[in-house]
Amino acid sequence: MENSRASLMFKAVAVAAIGLTATLVMLVQDPSDTLFGGGYPELWRKTGLAGAPTRAAACIFAGVFLLAMGWLYRLLFAPLELLRGVDEVGYIAEDGRSRAQAANEVRRRRKTGELPPVYPNGWYRVLDSHLLERGDVKSVTVLGQQVAVFRGQDGKAYVVDAYCPHLGANLAVGGRVVGGCIECPFHGWQFRGADGKCVKIPYADKVPEFAKVRCWPSCEINGQVLVWFHCDGLEPSWRVPEQSEITRGEWVYRGRTEHFINAHIEEIPENAADIAHLAHLHTPGIVSGVDLRYTNSKTWEFIRHDWKVEWKPEPEPNKHCSQMLVKHALTVFGRHWPLLDLDVLARQVGPGVVFLLFEHSFLGRGVIMHCVTPVEPLLQCVSHTIFYQSTIPPLVPKFILRAECIQFERDVMIWNNKTYISKPMLVKEDSAIQKHRRWFSQFYSDNSPRLRYQHDTLDF
């Protein structure tokens, strides 16, 4: 609502500015008309160019003014949205190669190692709620499957297999929403979102009982549409908790980032237990960027981040959850700035959802929903969606999200180029890593899918 009101206000101001500028352009006269008796040369008047320089200047001024207003609106009101491509972050393109070529070469040559199962059992984000309007249909790839995500006229979100069981048309490509059903674009078969049953075949007298499409267990909570996956088809054994501040509208959407990571899914949450990497990888200030070849440059060494971290699993009945407690401090030229001290509670719920909860006496409160969703065995879609106090200026959460994105992209460069080691060489200070692997293993079953082979190429 708040963003909508700001958008309407900006549009109203823009329309008023355009109208005022157009009026001035029509009425304005060149100063030479009044300063000099002769005015414009006769040739200018005959060709209609009298007053043209002033009008051109007014148009240029109006254009610059509107561009500045647009930039100011995006800075102050619009959510921050950074959506990175598959090969955009974490690869070094050298010797005239493109980043896509570099990414493909890394994937082709990297040893996969002895990998755990690739799709853990749990809840996964498929889409942010605000991207799915009533009557919309979206095509999404999740856990190696194509699914159609649609919002019925009743306002509820549904997730079904994308391919029509009749002749294989993609329901998400040209399909339309009819009530609480999705209609196939090929022959008009209609499938109910609640259970996947076909309720109408336009040219048939009767709909067979067996006519149905797979319906994924799903829920919509905390501004996101989630699906449940279990390799044995079991029903959900736990739920993603509701963040009540989001539901009540006290915390509002302020932006999101999205990255694609070429790694096994377990590598990403394991970072929470890898306490030692924080001091080495994330101590350089965010101004030093994300390219690990330059983050330790002496130019920016006067800004340092200090971290104190503790990771621990939660007991029953929340054994599917774990917590990472983070205390952050910033030093500039060796001087501690207490105003920027920040305590973060990162609560992981299952293999694919993390709540990053912020609380600061001056900067306010909010949460970043960190979600990891497997696209295919060694390709993960990672999103960070921030909801923050509506009373705090949007610049604050947008800065927090941007800073988090910079730190995260340093990890991406590691993940995209590393291999998974099933039996790592650890020292006693790394003990939390082994504890995390034991905790994470609860999301695997005997029938959990494993990687059988590695593609030689992958074109982006």
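Each residue takes its place number in the sequence, starting with 1.
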What about H384 and H370, are their ring centers closer than 6.0 Å?
yes
Under the side chain to side chain contact (heavy atoms under 4.5 Å, CB included) rule, collect the residues that match up with P217, sequence neighbours excluded.
W228
Would you give the length of the straight line joining atom NE2 of H280 to atom CG of L278, rounded to the nearest 0.5 angstrom?
12.0 Å
Distance from Q101 atom CD to E105 atom CD, nearest 0.5 Å?
9.0 Å
Which residues pass the side chain to side chain donor-acceptor pair (under 3.5 Å) test with R293, not counting sequence neighbours?
D291
Using only heavy-atom distances, determine whether the side chains of H277 and N271 contain a donor-acceptor pair under 3.5 Å.
yes
dist C371:SG -> L127:CG (nearest 0.5 Å) comes out at 11.5 Å
Could you tell me whether F443 and W439 have their ring centroids closer than 6.0 angstrom?
yes
Which residues satisfy the side chain to side chain donor-acceptor pair (under 3.5 Å) test with S445, sequence neighbours excluded?
N121
All ring-ring contact (aromatic ring centres under 6.0 Å, His included) counterparts of H336, not counting sequence neighbours:
none
So, taking the atom named CG in L330 and the one named CH2 in W337, what distance separates them when rounded to the nearest 0.5 Å?
8.5 Å
Can I get a per-line list of side-chain donor-acceptor pairs under 3.5 Å for residues 295-304, giving both atom names and the distance, sequence neighbours left out?
| residue | atom | partner | partner atom | Å |
| --- | --- | --- | --- | --- |
| S297 | OG | T299 | N | 3.2 |
| S297 | OG | T299 | OG1 | 3.2 |

Name every donor-acceptor pair, under 3.5 Å, that has one atom in a side chain of residues 318-326 and the other anywhere in the protein, sequence neighbours excluded.
| residue | atom | partner | partner atom | Å |
| --- | --- | --- | --- | --- |
| S322 | OG | W311 | NE1 | 3.3 |
| Q323 | NE2 | E314 | OE2 | 2.9 |

Salt bridge (Lys or Arg N to Asp or Glu O under 4.0 Å) against K308, all qualifying residues, sequence neighbours excluded
none
Consider only side-chain N and O atoms of S390 and E250, and report whether a donor and an acceptor are under 3.5 Å apart.
no
For the pair H166 (side chain) and H187 (backbone), establish whether a donor and an acceptor sit closer than 3.5 Å, ignoring hydrogens and angles.
no
Going by atom types only, do D343 and H360 share a side-chain donor-acceptor pair under 3.5 Å?
no
Working to the nearest 0.5 angstrom, can you tell me the gap between S383 OG and F260 CZ?
9.5 Å
Contacts of type salt bridge (Lys or Arg N to Asp or Glu O under 4.0 Å), residue R437, not counting sequence neighbours
E270
Pair up each side-chain donor or acceptor in residues 169-177 with any protein partner under 3.5 Å, not counting sequence neighbours, and list the distances.
| residue | atom | partner | partner atom | Å |
| --- | --- | --- | --- | --- |
| N170 | OD1 | A172 | N | 2.9 |
| R176 | NE | E183 | OE1 | 2.8 |

Below 6.0 angstrom between ring centroids: does that apply to F358 and W251?
no
State which residues pass salt bridge (Lys or Arg N to Asp or Glu O under 4.0 Å) with E245; sequence neighbours excluded, sorted by chain then number.
R365
Run the side chain to side chain contact (heavy atoms under 4.5 Å, CB included) test against D128 and tell me which residues pass, sequence neighbours left out.
R125, H130, L131, Q224, R256, T385
Residue list, salt bridge (Lys or Arg N to Asp or Glu O under 4.0 Å) with E235, at least two apart or on another chain:
none
In Å, rounded to the nearest 0.5 Å, how long is the span from CD1 of I392 to CZ of R254?
9.5 Å
